[in-house]
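Atom set for the values below is all heavy atoms of this structure, side chains included, hydrogens, waters and symmetry mates excluded.
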Amino acid sequence: MSATLLPESDLSRARDEVATCIRADGLGPGLHLLTLEAPEAAREALPGEFAQLQVVPGPLLRRPFSFSGVDPGRGTVSFYLRVYGEGTRRLAQLSPGSPVRLLGPLGRGFSLPQVKGSSLLVAGGVGAAPFPHLAGQLLARGERVRWLNGAASADQLFPLGLLPAGLAGSLQVTDDGSSGRQGLLTDALAELLDGVDRVYACGPNPMLQAVAEMASRLRPEALVEVSLEAPMGCGFGTCLGCSIPLLSQGTAVPGLCCRQGPVLAADQVDWEGLRRQPSHLE
Ligand SMILES: Cc1cc2nc3c(=O)[nH]c(=O)nc-3n(C[C@H](O)[C@H](O)[C@H](O)COP(=O)(O)OP(=O)(O)OC[C@H]3O[C@@H](n4cnc5c(N)ncnc54)[C@H](O)[C@@H]3O)c2cc1C
Ligand code: FES
């Protein structure tokens, strides 16, 4: 793979620690919130960064998950998981006291504002994962933060009670209308973009592309950042399994989701290239 011009993540803060599960809460069908005692990660993890988790003992490769909640005082971190295959099934079955191998923080996270403004957080399904931590950091900086969450049905929405207090507004959208407004998240987006300085989005790639296009059309002055997914073996740039098509100064370049991402400015993503890439995330 040729080198890209985009900056890579700083691996010097990553640690390999054996964390301990202290809570495992079911939040809906196939959805879990795992809270781990992991003092080193809790000290370091920034919004949008991820950890590679592995149940121990276990033969599986580690799996990548965004830090969802981070409490440096208690030395805990939490992860919002959707059961997908064997690795997430094993993590979802953990009980308090179980050890979990945690490598992190990894990747490049969301950029945090230097000047107060207005942020919109856009979460599709389990893409809500990185936002409790991000919302907490934005609110602590005096940012006005609004929340837009879309999911297939009510039981797949992220619980509002798990977001930090102080949001300036929230809107939930479901495909089947079982909670909030019926429709697609992107149907509701246009009305929330007015006056926004920053849009942070995480969810399926087609949703991210739609958010990026709509934001650049209706609110071109806003910073738009997206958190992408790719299949990850190592999480730190060695296996080359997480290749994604990027743009650097308008030129297509191959990138690594684990080093240049997972969070990228929307205009750094080659969306058409990404759309043509075979999807492993259905
Ligand atoms: C940066 C990043 C952050 C993520 N954060 C979250 C999160 O907070 N919550 C959450 O529920 N999910 C998250 N995911 C997706 C999660 O990593 C996958 O669902 C998980 O790896 C699937 O593993 P599995 O063993 O259950 O599935 P399997 O199908 O058994 O996995 C098989 C292989 O495919 C890879 N793989 C499969 N799906 C994905 C995927 N979506 N992303 C990356 N690799 C995949 C696995 O690493 C594994 O090597 C994130 C992915 C990335 C890249
Ligand atoms: S996950 Fe191995 S290089 Fe990115």
Exercise for the section: In plain terms, say whether Arg13 and Glu49 are close enough for a salt bridge, that is, a side-chain N and a carboxylate O under 4.0 Å apart. Expected result: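 Judged by the 4.0 Å cut-off on N to carboxylate O distance, Arg13 and Glu49 do form a salt bridge.
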Exercise for the section: Could you tell me whether Glu191 and Arg181 make a salt bridge, using a distance below 4.0 angstrom between a side-chain N and a carboxylate O? Expected result: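 Judged by the 4.0 Å cut-off on N to carboxylate O distance, Glu191 and Arg181 do form a salt bridge.
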Check: residues 115-134 side-chain donor-acceptor pairs under 3.5 Å, at least two apart:
| unit_1 | atom_1 | unit_2 | atom_2 | d |
| --- | --- | --- | --- | --- |
| Ser119 | OG | Glu143 | OE2 | 2.6 |
| His133 | NE2 | Ala45 | O | 2.9 |

Separation between [atom1] of [X] and [atom2] of [Y], rounded to the nearest 0.5 Å:
{"X": "Leu208", "Y": "Leu274", "atom1": "CG", "atom2": "CG", "answer": "8.5 Å"}
{"X": "Leu91", "Y": "Phe65", "atom1": "CG", "atom2": "CZ", "answer": "5.0 Å"}
{"X": "Arg144", "Y": "Leu139", "atom1": "CZ", "atom2": "CG", "answer": "11.5 Å"}
{"X": "Asp25", "Y": "Tyr80", "atom1": "CG", "atom2": "OH", "answer": "12.0 Å"}
{"X": "Arg89", "Y": "His32", "atom1": "CZ", "atom2": "NE2", "answer": "11.0 Å"}
{"X": "Leu246", "Y": "Trp271", "atom1": "CG", "atom2": "CH2", "answer": "10.0 Å"}

Contact between [X] and [Y] at the side-chain level, heavy atoms closer than 4.5 Å - yes or no?
{"X": "Leu228", "Y": "Val269", "value": "yes"}
{"X": "Val226", "Y": "Cys202", "value": "no"}
{"X": "Leu94", "Y": "Leu34", "value": "yes"}
{"X": "Leu102", "Y": "Val77", "value": "yes"}
{"X": "Asn149", "Y": "Val173", "value": "no"}
{"X": "Val199", "Y": "Arg219", "value": "no"}
{"X": "Leu171", "Y": "Leu192", "value": "yes"}
{"X": "Ser170", "Y": "Arg146", "value": "no"}

Practice task
Would you please name every residue forming a ring pair (Phe, Tyr, Trp, His ring centres under 6.0 Å) with Phe79, sequence neighbours left out?
Solution key: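 Phe67.
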Exercise for the section: Output, in order, the C-alpha distance, side-chain angles, deciding distance and verdict of salt bridge (Lys or Arg N to Asp or Glu O under 4.0 Å) for Arg275 and Asp270. Expected result: CA-CA 9 Å; Arg275 207 164 49 80; Asp270 174 0; over 6 Å; no
Exercise for the section: Determine the sole option in Asp71, Leu33, Leu36 for which the side-chain contact (heavy atoms from CB on, under 4.5 Å) test with Ser78 is passed. Expected result: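 Per the side-chain contact (heavy atoms from CB on, under 4.5 Å) rule, the option paired with Ser78 is Leu33, out of Asp71, Leu33, Leu36.
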Handout entry: Check against salt bridge (Lys or Arg N to Asp or Glu O under 4.0 Å), Glu17 and Arg101
Key = CA-CA 6 Å; Glu17 62 184 310; Arg101 191 99 178 261; over 6 Å; no
Problem - Pair Gln156-Leu31, side-chain contact (heavy atoms from CB on, under 4.5 Å): steps then yes or no - result: CA-CA 8 Å; Gln156 304 287 311; Leu31 292 168; 3.8 Å; yes
Handout entry: Linked, directly or transitively: Leu264 and Tyr200 (ILVMFWY side chains, under 4.5 Å)
Key =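 The answer is no; the residues belong to distinct hydrophobic clusters.
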Practice task
Taking atom types as modelled, find out whether Ser9 and Arg108 have a side-chain donor-acceptor pair closer than 3.5 angstrom.
Solution key: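 Result is no, nothing qualifies.
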Practice task
Take Asp16 and Arg62, measure what side-chain contact (heavy atoms from CB on, under 4.5 Å) needs, and give me the verdict at the end.
Solution key: CA-CA 11 Å; Asp16 191 357; Arg62 298 170 167 114; 3.1 Å; yes
Between [X] (side chain) and [Y] (backbone), is there a donor-acceptor pair under 3.5 Å?
{"X": "Gln260", "Y": "Cys257", "value": "no"}
{"X": "Gln182", "Y": "Asp175", "value": "yes"}
{"X": "Arg23", "Y": "Cys21", "value": "no"}
{"X": "Gln52", "Y": "Cys234", "value": "yes"}

Exercise for the section: Share the residues that join Leu46 in a hydrophobic cluster, the rule being Ile, Leu, Val, Met, Phe, Trp or Tyr side chains under 4.5 Å apart at the heavy-atom level. Expected result: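 Same cluster as Leu46: nobody, lone residue.
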Problem - Connected hydrophobic set around Phe50, excluding itself, where side chains approach under 4.5 Å - result: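 Grouped by the 4.5 Å side-chain rule, Leu11, Leu103, Leu106, Met232, Phe236 form the rest of the cluster around Phe50.
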Problem - salt bridge (Lys or Arg N to Asp or Glu O under 4.0 Å) partners of Glu225, counting only residues at least two apart - result: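 Listed in chain order: nothing, the list is empty.
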Exercise for the section: Hey, could you give me each pair passing side-chain hydrogen bond (donor to acceptor under 3.5 Å, both in side chains) that has a residue in residues 206-215? Not counting sequence neighbours. Expected result: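 As it turns out, the side-chain hydrogen bond (donor to acceptor under 3.5 Å, both in side chains) pairs with a partner in residues 206-215, which skip direct neighbours, are Gln209-Glu213, Gln209-Glu272.
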Problem - Step-by-step side-chain contact (heavy atoms from CB on, under 4.5 Å) determination, Thr76 to Ile22 - result: CA-CA 9 Å; Thr76 61; Ile22 55 171; 3.5 Å; yes
Handout entry: Cys242 versus Cys258, closest heavy-atom pair with distance
Key =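 Of all heavy-atom pairs spanning Cys242 and Cys258, the closest is SG-N, 3.4 Å.
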Practice task
List the steps and the verdict of side-chain contact (heavy atoms from CB on, under 4.5 Å) for Val224 and Ser216.
Solution key: CA-CA 8 Å; Val224 182; Ser216 80; over 6 Å; no
